[in-house]
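Single-structure report; data block below.
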Number of protein chains: 2
Amino acid sequence: MKIDPSSSANLSAQIAKAIRDSIISGALIVDQRLPSEAELADQFEVSRPTVREALKRLAAQSLIRTQRGATGGAFVNKLSFEEAYPQQITTSTLLLSMNAVSFETACEARYALERSCAPLSAQRRSADHLATMRAEIHRQGQPGLTDEAFCASDVAFHRALVDGAGNPVLSYQLAGAVEAMQPLMNMITFSARDRARIIELHTQLADALEAHDASGADTTLAELEHYTTNLARSVMEKRQKTT
Amino acid sequence: MKIDPSSSANLSAQIAKAIRDSIISGALIVDQRLPSEAELADQFEVSRPTVREALKRLAAQSLIRTQRGATGGAFVNKLSFEEAYPQQITTSTLLLSMNAVSFETACEARYALERSCAPLSAQRRSADHLATMRAEIHRQGQPGLTDEAFCASDVAFHRALVDGAGNPVLSYQLAGAVEAMQPLMNMITFSARDRARIIELHTQLADALEAHDASGADTTLAELEHYTTNLARSVMEKRQKTT
DNA sequence: CAAACATTAAATGTAAGACATATGAAAATT
DNA sequence: AATTTTCATATGTCTTACATTTAATGTTTG
């Protein structure tokens with residue numbers, strides 16, 4: 001069924017790949033139980049620890065789940081959007097921090113993607129999404145809010161906007177782009193005037209979505225992008241002067 | 001440094017999480033060597049196989065790489081966009097196939113995202129990107145091309161469009177959306193007339209990008225989405241009739 | 001007879017020790 | 001001085017063993 005070319009090295013990686021390919025190709029279907037570790041060890045002619053290492057690799061990608069006990073074993077996991085979010089966010093975050101992606105580049109990507117959701121969100125947003133956005137706007141206006149909390153609320157606001165499009169695939173893709181920006185955003189200090197302006201734009205955005213006004217939402221998002229980029233630039237410049 | 005609450009179970013998952021968090025927080029930086037497996041086993045007070053399972057989990061996410069030999073060990077890996085692509089594509093593909101995402105939903109997401117790249121691509125596309133697109137258009141016109149090869153060329157064409165935006169973050173996000181569509185697209189049979197129309201739109205798209213015409217590219221993409229969706233719908237209906 | 005309890009078997013989770021193998025660095029040889 | 005050999009150290013793998021979880025089975029008891 002799934003053979004293993006007796007090539008060079010890294011048996012556990014090879015075994016993991018063989019099983020992963022079987023899942024992707026559909027040979028192994030959701031909730032199907034894999035053979036026990038001992039059986040897999042026999043099948044691939046390796047030891048049980050090696051099989052276990054392979055299974056852990058797959059578990060790390062949420063491709064399988066394991067259960068202990070009599071009827072336990074490894075089962076093909078139904079990969080849900082909820083499960084995939086954290087991985088997507090972790091990967092995106094590390095990609096940005098490890099590759100020295102500039103704030104401009106990340107910001108441009110984020111707003112480009114978000115603007116692609118705006119027309120759909122203007123059309124389909126539910127009252128729930130609007131309520132979440134209004135609630136976050138309200139929170140952003142609270143006095144004594146830390147910069148980090150302000151950023152977190154900003155993320156929640158924008159995720160509600162994206163979710164309003166009612167397309168899980170879009171929400172999944174956007175989660176990475178929006179959340180991965182947070183560490184970069186956290187480097188910014190938001191003055192009271194900055195916050196007021198951002199809240200103003202957020203309100204404008206929520207109003208546009210409430211009125212099913214796609215082009216208004218798009219325009220506001222463009223302004224928001226412009227404002228955020230300039231804000232980051234001025235913060236960077238100021239920081240460079242002091243050092 | 002990285003402690004392990006002596007809670008319930010799944011030691012290897014806990015250890016993996018501890019190390020992963022250290023990488024995300026920046027306590028472990030790129031190319032830094034982790035302690036040897038034996039040292040980690042001492043540190044966490046577990047056995048070496050357990051440590052190894054944890055390391056394999058991290059290796060599966062490309063967070064570390066291992067080297068054998070005297071100066072070997074586990075090193076924090078610099079996660080590159082190139083490395084992240086395949087994982088992103090695998091996850092996106094499985095998400096679509098396991099969650100019964102409709103063709104319409106996937107298609108809508110894909111084109112929404114792609115349209116967000118169009119203005120940037122119209123502005124920045126290099127001669128190289130244009131050449132790739134023209135080459136793929138030419139391939140799509142070859143007689144005797146299988147449906148699968150046509151789809152593969154379609155993917156290559158659209159990836160060139162996306163890459164033309166010159167934003168690696170966008171390219172990364174889009175790779176998942178575009179490539180994950182391929183299994184769905186492969187279910188479609190493209191008649192000669194369909195192909196001709198698609199090639200026509202592709203040409204129009206390349207022309208618009210060459211002329212730095214953002215709105216023209218956007219309009220064409222909208223038409224392409226419309227055409228693809230309708231095509232899929234009619235294929236599905238025809239298939240339902242015969243059964 | 002039925003419900004509560006104890007037993008058992010099968011599976012994963014963990015541990016310990018051993019050997020194989022790769023690889024760079026130091027030591028020995030030419 | 002250049003080359004070869006040796007060696008220490010690390011991961012890769014195997015073997016065996018025991019712990020733990022869990023459901024099914026068997027047993028006892030009201």
Side-chain angles (χ1 to χ4, degrees), chain A residues 2-20 23 28 30-78, chain B residues 2-20 23 28 30-78:
Chain A
K2 343 141 199 169
I3 320 165
D4 200 10
S6 58
S7 68
S8 56
N10 251 25
L11 288 173
S12 72
Q14 284 180 54
I15 294 171
K17 177 166 168 30
I19 299 177
R20 189 183 303 117
I23 295 176
L28 293 172
V30 167
D31 288 336
Q32 186 174 337
R33 184 178 172 282
L34 298 182
S36 75
E37 294 175 352
E39 286 172 305
L40 285 172
D42 275 357
Q43 210 169 309
F44 288 113
E45 299 184 324
V46 297
S47 69
R48 195 157 82 92
T50 302
V51 168
R52 282 182 61 80
E53 288 178 8
L55 293 180
K56 295 313 165 202
R57 294 180 117 109
L58 299 173
Q61 301 182 297
S62 306
L63 296 189
I64 62 169
R65 62 177 188 279
T66 55
Q67 239 178 17
R68 291 176 73 169
T71 60
F75 298 82
V76 178
N77 192 34
K78 171 166 171 177
Chain B
K2 345 139 203 176
I3 320 164
D4 201 13
S6 58
S7 68
S8 56
N10 249 25
L11 290 173
S12 73
Q14 285 180 54
I15 294 171
K17 177 167 167 31
I19 298 176
R20 188 183 304 117
I23 295 176
L28 293 171
V30 167
D31 288 338
Q32 187 174 337
R33 184 178 172 283
L34 299 182
S36 74
E37 294 176 353
E39 286 172 304
L40 286 172
D42 275 357
Q43 210 168 310
F44 288 112
E45 298 183 325
V46 297
S47 70
R48 198 159 81 93
T50 303
V51 167
R52 282 183 60 80
E53 288 178 8
L55 294 180
K56 295 315 164 202
R57 293 180 119 107
L58 299 173
Q61 301 181 299
S62 308
L63 296 189
I64 63 169
R65 62 177 188 278
T66 56
Q67 239 179 15
R68 292 177 72 170
T71 59
F75 298 82
V76 178
N77 192 35
K78 169 165 173 177

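The shown structure was predicted, so the numbers you read here are calculated from the model rather than taken from an experiment. Throughout, a chain's letter reflects where its sequence line sits, starting with A, and its residues are numbered from 1.
For B:Arg68 against C:dG24, a side-chain-to-base donor-acceptor contact under 3.5 Å is absent. For B:Arg48 against D:dG12, a side-chain N or O and a base N or O form a donor-acceptor pair under 3.5 Å.
Separating the CD atom of A:Glu37 from the C1' atom of C:dT14 is a distance of 11 Å, rounded to the nearest angstrom. In this structure, CG of B:Asn10 is placed 15 Å from P of D:dT20, rounded to the nearest angstrom. One interatomic measurement links the two molecules: CZ of A:Phe44 to C1' of D:dG12, which rounds to 18 Å at whole-angstrom precision. In this structure, the CG atom of A:Leu55 is 14 Å from the P atom of C:dA11, given to the nearest Å. If you take CG of B:Leu40 and P of C:dT14, they are 16 Å apart, rounded to a whole angstrom. A:Ile15 places its CD1 atom 12 Å from the C1' atom of D:dG12, with the value rounded to the nearest Å. Rounded to an integer number of Å, the gap from B:Leu11 CG to C:dT12 P is 17 Å. Rounded to an integer number of Å, the gap from B:Phe75 CZ to C:dT23 P is 13 Å.
Residue A:Thr66 places at least one side-chain N or O under 4.0 Å from the OP1 or OP2 atom of C:dG13. Proximity of B:Thr71 to the phosphate of C:dG24: no side-chain N or O atom is located under 4.0 Å from OP1 or OP2. OP1 or OP2 of D:dC14 sits under 4.0 Å from a side-chain N or O of A:Thr50. Between B:Arg52 and D:dG12, a side-chain N or O to OP1/OP2 separation shorter than 4.0 Å is present.
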Problem set entry | side-chain contact (heavy atoms from CB on, under 4.5 Å) evaluation trace for A:Ile19 with A:Leu63 | CA-CA 10 Å; A:Ile19 299 177; A:Leu63 296 189; over 6 Å; no
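For the pair B:Arg65 and B:Asp31, the minimum side-chain heavy-atom distance is below 4.5 Å. Residues B:Ile15 and B:Leu40 form no side-chain contact, since every pair of their non-hydrogen atoms from C-beta on lies 4.5 Å or further apart.
Across all strands shown, A:Arg33 has heavy atoms under 4.0 Å from sugar-phosphate atoms exclusively, and none from any base.
Position along DNA chain D of the nearest nucleotide to A:Ala70 versus A:Pro49 favours A:Pro49 as the more 5'-ward residue.
Once rounded to the nearest 0.5 Å, the distance linking OG1 of A:Thr50 with CZ of A:Arg48 reads 11.5 Å.
Here the shortest heavy-atom pairing between B:Ala13 and B:Arg57 reads N-NH1, 3.8 Å.
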